[in-house]
Amino acid sequence: QAAVEASQQAPQQAPIDRSLWMMGYFAFLRVMNGAIVVPIAAKCARRLGLGPMVGFLVLALFPVSSACLGVPLNHWLLRSWPLQSVLSVMALGSMVGNVLLAVGCHTSCWYITCASVALLGTCGNPVLTCLYVGHEIHILRRSEAMLVVHAFAVMGYSAGFFLAGVLEYLVNTSGSGPLRFDSCMMPGLFMANMYLLSLAKLHFLFKEPVLPGADRQLAIGLRGAPEAASMSKVLFCCWVAFCAKTAAIACDVFTASITQHAWGWSVEDSAYYTAAVCACVVPMLFLNLKVAVAAGIEERQALLVISGFGLACSGMLYALGDLAAAGQATGPRAAAHFGAFVLLQAAANLAQGYVFAMASRLVVVGRIDLASSCMVSALLVGFVGGCLVATVATPDYFRAAQSATFGGLLLGVVLGYERPQPQWVPRDEPMQCATPQIC
């Protein structure tokens with residue numbers, strides 16, 4: 001009992017230090033890379049005379065390879081390598097993938113483009129961040145840590161869309177000549193250099209965490225009813241993560257699509273607009289972080305409020321009228337449209353941050369690896385679902401899809417409100433912790 005009280009009263013013993021900021025930085029790079037891949041895949045499909053559905057299938061390679069190849073590969077490497085080495089290997093793989101993406105798009109080679117997107121998805125997997133937070137951060141500060149990391153991820157979306165617009169402008173104004181780069185080639189080369197610089201930062205700023213060998217092996221040796229029961233609760237979190245990610249990605253892709261095809265904006269203006277939407281979400285995440293930490297709000301309570309708020313915001317889309325009308329791009333309607341999309345993005349991203357922290361608190365330490373893998377897989381399936389919704393959506397269909405997504409999120413939170421109560425320590429077992437000096 002004394003150990004439990006000490007664990008609950010001393011969260012400051014697990015500081016959110018520069019290693020967590022480095023994990024956030026890698027989340028920033030990973031998401032920025034994904035945001036750049038979106039317009040490149042669509043542009044390559046148009047260049048080859050293919051339809052938007054083919055571009056969606058190429059884009060779907062990113063999350064599918066991440067779930068099917070990236071998750072098991074990271075767990076397999078962690079069995080014998082330290083986390084810093086695995087991060088270095090993933091950064092090198094992403095650097096090679098971006099170079100291949102630039103070559104494939106420049107030469108219009110479909111096979112190289114698909115292989116590069118698959119390699120980027122394999123190496124750009126968020127499971128390492130979840131494992132680090134689950135094992136190294138104190139259980140009372142995981143919500144804070146996950147919201148910090150997720151704020152970095154949203155900054156990656158904003159930076160990725162902004163970078164796509166800047167590079168498109170530079171390429172279009174560079175003229176002709178032997179040094180002129182293709183607009184599909186520049187983003188890949190830029191991201192390759194960003195990952196190269198991240199290797200130096202990783203060496204100087206990252207501190208290797210303590211991850212026990214038994215936990216690295218996906219808890220294969222652990223069997224028993226308490227662990228199985230706790231894993232059943234993670235299914236609730238997987239559903240919430242799926243719905244939240246679907247809403248966020250659909251909002252991103254649909255915003256870029258409607259500004260270009262319905263409002264007649266250029267690629268640069270559309271990228272700047274989407275970047276501004278994501279940039280406005282970042283301070284909202286940090287503000288929520290301060291309020292939640294100061295008030296001691298539980299994840300379940302936060303999810304209940306956020307899901308209801310997101311459902312109300314999706315109703316705002318109906319009040320805006322025809323989203324595809326040209327008049328939506330100017331005047332008060334443009335401001336209302338911008339505000340609605342900012343609020344939808346904020347609700348979806350807040351839900352993701354809270355539910356990931358909640359999942360790591362629902363299971364005993366030996367099952368954190370398996371719970372993280374399930375959550376990341378649900379997130380990646382939501383990525384595919386969001387891209388599919390935005391690719392085939394008309395404005396009316398998009399409004400209905402957003403309402404249904406947040407409605408499903410709210411229904412899941414309400415039905416699972418009592419069941420997935422976080423447990424600090426299993427009642428019938430001695431306290432377990434991956435880092436005894438923290439607990």
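Sequential numbering from 1 along the given sequence is applied to the chain's residues.
- Results of the side-chain contact (heavy atoms from CB on, under 4.5 Å) test with H150 over V31, N349, T129, L350 single out N349 as the only residue that passes.
- Closest of all the heavy-atom pairs between R30 and G124 is CD-O, 3.0 Å.
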For V103 and T113, run side chain to side chain contact (heavy atoms under 4.5 Å, CB included): C-alpha distance rounded to whole Å, both residues' side-chain angles, the deciding distance at 0.1 Å, then the answer. CA-CA 8 Å; V103 173; T113 303; over 6 Å; no
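- To the nearest 0.5 angstrom, Y25 atom OH is 6.5 Å from L197 atom CG.
- Taken from SG in C68 to CG in L61, the straight-line distance is 10.5 Å, to the nearest 0.5 Å.
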Audit row: L344, M316, side chain to side chain contact (heavy atoms under 4.5 Å, CB included) steps and yes/no: CA-CA 10 Å; L344 286 171; M316 293 175 57; over 6 Å; no
Side-chain atoms of residues 273-297: list all donor-acceptor pairs with protein atoms under 3.5 Å, sequence neighbours left out, distances to 0.1 Å.
| unit_1 | atom_1 | unit_2 | atom_2 | d |
| --- | --- | --- | --- | --- |
| Y273 | OH | H337 | ND1 | 2.7 |
| T274 | OG1 | S270 | O | 3.0 |
| N288 | OD1 | Y354 | OH | 2.7 |

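- S66 places no side-chain N or O within 3.5 Å of a backbone atom of P63 that could act as its donor or acceptor partner.
- In this structure the side chain of H75 reaches within 4.5 angstrom of the side chain of L131, judged on heavy atoms.
- Residues V389 and A401 come closest through the heavy atom pair CG1-CB, 3.7 Å.
- You'll find the side chain of D252 reaches within 4.5 Å of the side chain of Q345, heavy atoms only.
- Going from atom CD of E268 over to atom CZ of F161 covers 15.0 Å, rounded to the nearest 0.5 Å.
- Closest heavy-atom contact between V71 and S373: CG1-OG, 3.6 Å.
- Other residues, nucleotides and ligands place more than 12 heavy atoms under 6.0 Å from the OH atom of Y272.
- I306 and A347 make their closest contact through CG2-O, 3.1 Å (heavy atoms, listed as atom of the first residue, atom of the second, distance).
- By the 4.5 Å heavy-atom criterion applied to side chains, L379 and F242 are not counted as neighbours.
- Counting only distance, with no hydrogens or angles, the side chain of Q84 and the backbone of L202 share a donor-acceptor pair below 3.5 Å.
- Rounding to the nearest 0.5 Å places SG of C130 at 5.0 Å from CE of M146.
- Between Q402 and F254 there is no side-chain heavy-atom pair separated by less than 4.5 Å.
- Panel note: side chain N98, backbone S94; a donor-acceptor pair is recorded below 3.5 Å.
- In this structure the side chain of F26 reaches within 4.5 angstrom of the side chain of S198, judged on heavy atoms.
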Decide side chain to side chain contact (heavy atoms under 4.5 Å, CB included) for L92 and V96; before the verdict, give the C-alpha distance in whole Å, the side-chain angles of both, and the deciding distance to 0.1 Å. CA-CA 6 Å; L92 286 172; V96 173; 5.7 Å; no
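- Smallest separation of non-hydrogen atoms from A250 and F398: O-CE1, 3.6 Å.
- A distance of 13.0 Å separates CD of Q352 from SG of C237, quoted to the nearest 0.5 Å.
- The backbone N or O of G121 lies less than 3.5 Å from no partner atom in the side chain of N125, so there is not a single donor-acceptor pair.
- The ring-ring contact (aromatic ring centres under 6.0 Å, His included) check on F152 picks up W21, with sequence neighbours excluded.
- Sequence neighbours left out, the pairs with a member in residues 237-246 that pass side chain to side chain donor-acceptor pair (under 3.5 Å) are Y157-K245.
- Atoms CG and CE, from L73 and M90 in turn, are 4.5 Å apart once rounded to the nearest 0.5 Å.
- L311 and S403 get closest at one heavy-atom pair: CD1-O, 3.5 Å.
- Side-chain contact check for L87 versus M22: every heavy-atom pair is 4.5 Å or farther apart.
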Would F62 and V384 count as a side chain to side chain contact (heavy atoms under 4.5 Å, CB included) here? Give the steps. CA-CA 9 Å; F62 190 85; V384 177; over 6 Å; no
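- No donor-acceptor distance shorter than 3.5 angstrom exists from the side chain of D269 to the backbone of W265, with no hydrogens or angles considered.
- Here the side chains of M375 and V355 are in contact, with some heavy-atom distance below 4.5 Å.
- Looking at heavy atoms from C-beta onward, F338 lies in side-chain contact with V342 at the 4.5 angstrom threshold.
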